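What follows is one structure encoded as structure tokens, with my remarks underneath.
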Protein chains: 2
Amino acid sequence: MAKTGGYSRAATTPTLSSLDFALDRGSPVPLYYQLAQQLEAAIEHGQLAPGNLLGNEIDLSVRLGLSRPTVRQAIQSLVDKGLLVRRRGVGTQVVHSQVKRPLELSSLYDDLEAAGQAPATQVVRNETVPASADVAAALGLAEGGQVTVLERLRSTYGQPVAFLCNYLPAGLLDLDTARLESTGLYRLMRSAGITLHSARQTIGARSATTEEAALLDEQEGTALLTMQRTAYDDTGRPVEYGTHIYRASRYAFDFQLLVRP
Amino acid sequence: MAKTGGYSRAATTPTLSSLDFALDRGSPVPLYYQLAQQLEAAIEHGQLAPGNLLGNEIDLSVRLGLSRPTVRQAIQSLVDKGLLVRRRGVGTQVVHSQVKRPLELSSLYDDLEAAGQAPATQVVRNETVPASADVAAALGLAEGGQVTVLERLRSTYGQPVAFLCNYLPAGLLDLDTARLESTGLYRLMRSAGITLHSARQTIGARSATTEEAALLDEQEGTALLTMQRTAYDDTGRPVEYGTHIYRASRYAFDFQLLVRP
DNA sequence: CAGTGGTCTAGACCACTGT
DNA sequence: CAGTGGTCTAGACCACTGT
């Protein structure tokens, strides 16, 4: 194989070298972030195909007029997203199968809306009560501490999808029934300045009781999907505990997992 | 408030300043990783309590004899794990509620073993067949391409827990029935040098058919938990597609989610 | 052996936070 | 205003990979 320095290097990056990245140093958007977004766009639009090598970091930084750490920061953020793979001694490649959706703390409302299903919510209960032992434990409160309990029936096209029971520390945010019927709980929390950071979820299944079947327009004994979740804000304080049941005929959990090394 | 440089700074880090971190520059373990592990241990053992401030990065780097980027790299890895929170202008704190388990691509075998349940596996089917359309699509193969199909019944204490059906590209690894009965599929894959990187999972529920009920020692119509998963290696190639059913009375999925900003 | 990413240094300036 | 983390530079040496 013929080998000339510049030529062979260019040959490993047929598409990347022809892309131009526009970096704006006047912008408040960090340079590494500008680069990451443009690389992501190039991957998404197929200009960088799966398996393509990116070219080494040093060349890339020289070509872009950036320092190597800045280029690495951009690349690392895409590695974290699962779009690129790095191998020492080999190079940085676009992954073969793209991760479509990163793992997210799923919001039923957002999921249904994203699927074009126009979710509707009926608030069945919205009051402040003393916490039972299990709720207090989940929310890190003293037993008998005040919590707001919400019960909501969520439907699409006039058919119930899920029955949601949630507990929140009283006074954490304003839980207006009208607003709860027009949007999701997590959106309300976000707009109140609460940043969700992590959650612990348990997903299981069981047969519907008579009451549950009636609520969800199913027959007694039908298989239901169940979820319990405690969500934490960015300081690690529990902000929400929920027990949900879903009609298995109308809903399933869809996850994209990334394995962190 | 009395304020003397050294004193007030020490006051914000009552515990950290009394901890000593032992960094070994002769070790092949990176310095940032040594620091991260010692910080993590200090958090786990309660020497750094939830809400404690870590002290600013500059001081920390001077005290440890490290550069600031190295200290930042250690801190960032714990922020990624959900153990620390950083706020510009405020500082770095230990989160209030610790993330017990990071999100993982769960292996039923490992989960059961970790719970002290001594899982046993019976291989019901292990053969190479042409791929059906759905299996070929999931694995990115041509329809009719060769795939290995595995059917396994997993039990603990002599009672079935799940029935697992998996498809893998033929020849990807040696799937010895005896080894499959003594360990989990993911462990076999790891020991064959396959690094799992991401997966797409769907979790749902449905009623057991007569055959499924018989397999799992349940009654027809019982609620079952179902999972479909396609797993990808670190280059993004699909390496496994599975359809699993679980006895809801004996198993539930337990997840720890981190929300990436 | 050449080429790659992994780690590390010693700075600099800035944006944001809370008093 | 002082203190914090966020971004960025311009290097250095090393470990690993594949030929």
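Since this is a predicted model, take the numbers as computed values, not measurements. Convention: sequence-line order gives letters A, B, ...; per-chain numbering from 1.
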Strictly below 4.0 Å: does [X] bring a side-chain N or O up to OP1 or OP2 of [N]?
X: A/R86; N: C/dG6; value: yes
X: B/N56; N: D/dG3; value: no
X: B/T70; N: C/dT9; value: yes
X: A/T92; N: C/dT4; value: no

Mind checking if [X] touches a base, just sugar-phosphate, or nothing, with heavy atoms under 4.0 Å?
X: A/P30; result: sugar-phosphate
X: B/I58; result: nothing
X: A/I75; result: nothing
X: B/R72; result: base

Side chain of B/V90: nearest nucleotide among C/dT17, C/dG11, D/dG5?
C/dT17
List the atom of A/V71, the atom of A/E57, and the distance in Å for their closest heavy-atom pair.
CG1-O, 4.3 Å
Do the side-chain N and O atoms of A/Q73 and A/Y33 include a donor-acceptor pair separated by under 3.5 angstrom?
no
Determine whether the side chains of B/Q76 and B/Y32 contain a donor N or O and an acceptor N or O closer than 3.5 Å.
no
Would a distance-only check, ignoring hydrogens and angles, find a side-chain to backbone donor-acceptor pair under 3.5 Å from A/Q146 to A/T128?
no
Please answer whether the main-chain N or O of B/A49 pairs with a side-chain N or O of B/N52 as donor and acceptor at a distance below 3.5 Å.
yes
Distance check needed: [N] [atom2] versus [X] [atom1], whole Å only.
X: A/R88; N: C/dG5; atom1: CZ; atom2: C1'; answer: 7 Å
X: A/Q76; N: C/dG6; atom1: CD; atom2: C1'; answer: 11 Å
X: B/L84; N: D/dG6; atom1: CG; atom2: P; answer: 12 Å
X: B/R25; N: C/dG6; atom1: CZ; atom2: P; answer: 20 Å
X: B/Q73; N: D/dT7; atom1: CD; atom2: C1'; answer: 15 Å
X: B/L31; N: D/dC14; atom1: CG; atom2: P; answer: 14 Å
X: A/L35; N: D/dT7; atom1: CG; atom2: P; answer: 14 Å
X: B/Q34; N: C/dT7; atom1: CD; atom2: C1'; answer: 12 Å

Any N or O donor-acceptor pair linking the side chain of A/R68 to the base of C/dG6 at under 3.5 Å?
yes
Note: for B/G91 and A/Y32 on DNA chain D, the residue whose nearest nucleotide lies more 5' is B/G91
Using Watson-Crick or G-U wobble geometry with both distances below 3.5 Å, tell me the partner of C/dT17, or none.
D/dA2
